[in-house]
Amino acid sequence: MDIHHLTNWKLSSHFLDNFDKTSATSIALPSREHYLLTKFRKKIYSSSIELVEGEMRYLKILTNVPDGIILLAETKIKSKYLKQDYEN
């Protein structure tokens, strides 16, 4: 099993205000699924919203994480980091 940051921590540190790797939302994944995510997901995003939605989409496509868990993680990340983007 590997720990996977739900959104890539390197990209998140550029796009998400107050992102802290040590307290970021993470999930335990089988090593093979974690490898697939790191190898095949998109590496360049143009906005914080695109980053979060894209990372969740790849989590859904490349892993066996239940949809409900992905939705819960996406909601948590958006409310923590993107609230201002959705209010404007």
Side-chain angles (χ1 to χ4, degrees):
M1 297 294 276
D2 292 333
I3 300 299
H4 176 70
H5 287 91
L6 296 178
T7 64
N8 175 281
W9 71 269
K10 290 179 184 176
L11 297 172
S12 296
S13 62
H14 296 289
F15 282 108
L16 304 177
D17 291 336
N18 302 318
F19 181 82
D20 177 19
K21 180 181 174 184
T22 61
S23 64
T25 303
S26 302
I27 191 168
L29 292 173
S31 297
R32 177 72 178 151
E33 290 181 9
H34 191 236
Y35 168 79
L36 291 173
L37 279 173
T38 57
K39 182 165 177 66
F40 293 110
R41 72 169 184 249
K42 185 176 177 179
K43 306 285 193 279
I44 299 172
Y45 294 97
S46 61
S47 72
S48 56
I49 294 170
E50 184 184 0
L51 169 68
V52 173
E53 291 179 351
E55 291 280 298
M56 294 304 112
R57 187 170 41 256
Y58 281 106
L59 192 65
K60 187 174 185 173
I61 293 168
L62 297 172
T63 72
N64 289 314
V65 175
D67 290 344
I69 299 298
I70 295 172
L71 181 60
L72 181 65
E74 183 175 13
T75 301
K76 180 180 178 184
I77 293 164
K78 284 181 175 179
S79 69
K80 183 174 183 178
Y81 297 111
L82 304 180
K83 186 176 181 182
Q84 69 281 356
D85 293 332
Y86 288 100
E87 289 177 346
N88 296 332

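Using modelled atom types, no side-chain atom of T63 and backbone atom of I61 make a donor-acceptor pair closer than 3.5 Å.
Atoms OG1 and CD1, from T7 and I77 in turn, are 5.5 Å apart once rounded to the nearest 0.5 Å. E33 contributes atom CD, which lies 4.5 Å from atom CG of N64 (distance to the nearest 0.5 angstrom). Atom-to-atom distance recorded for I27:CD1 and M1:CE is 8.5 Å, nearest 0.5 angstrom. Summarising the geometry, atom OG belonging to S31 is positioned 3.5 Å from atom CG belonging to D2; distances are rounded to the nearest 0.5 Å. Atom-to-atom distance recorded for F15:CZ and S46:OG is 6.5 Å, nearest 0.5 angstrom. In this structure, CZ on F19 lies 9.5 Å from CG on L11, to the nearest 0.5 angstrom.
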Practice task
Apply the test side chain to side chain contact (heavy atoms under 4.5 Å, CB included) to residues L82 and V52: give CA-CA distance (whole Å), side-chain angles for both, the deciding distance (0.1 Å), then the verdict.
Solution key: CA-CA 9 Å; L82 304 180; V52 173; 3.6 Å; yes
Exercise for the section: Go through the steps for S12 and L51 under the test side chain to side chain contact (heavy atoms under 4.5 Å, CB included), then give the verdict. Expected result: CA-CA 8 Å; S12 296; L51 169 68; 3.8 Å; yes
Handout entry: Trace of the side chain to side chain contact (heavy atoms under 4.5 Å, CB included) decision for K21 with S26
Key = CA-CA 9 Å; K21 180 181 174 184; S26 302; over 6 Å; no
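Between H5 and T25, every side-chain heavy-atom pair lies at or beyond the 4.5 Å cut-off. Using a 4.5 Å cut-off on side-chain heavy atoms (C-beta onward), L6 and L59 make contact. In this structure the side chain of K60 never reaches within 4.5 angstrom of the side chain of V65, judged on heavy atoms. Counting heavy atoms from C-beta outward, S79 and E74 have side chains that stay 4.5 Å or more apart.
Following chains of ILVMFWY side-chain contacts shorter than 4.5 Å, one can reach L29 starting from F40, so the two form part of one hydrophobic cluster. Residues M56 and I69 share a single hydrophobic cluster, defined by chaining ILVMFWY side chains whose heavy atoms lie under 4.5 Å apart.
A donor-acceptor contact closer than 3.5 angstrom is absent between the side chains of E55 and N8.
In N18, the CG atom is not crowded: 12 or fewer heavy atoms of neighbouring residues, nucleotides or ligands sit closer than 6.0 Å.
The minimum heavy-atom distance between R41 and L62, with the atom names listed, is N-CD1, 4.5 Å. Nearest heavy atom pair, residue D17 against residue Y81, reads O-CD2, 3.3 Å.
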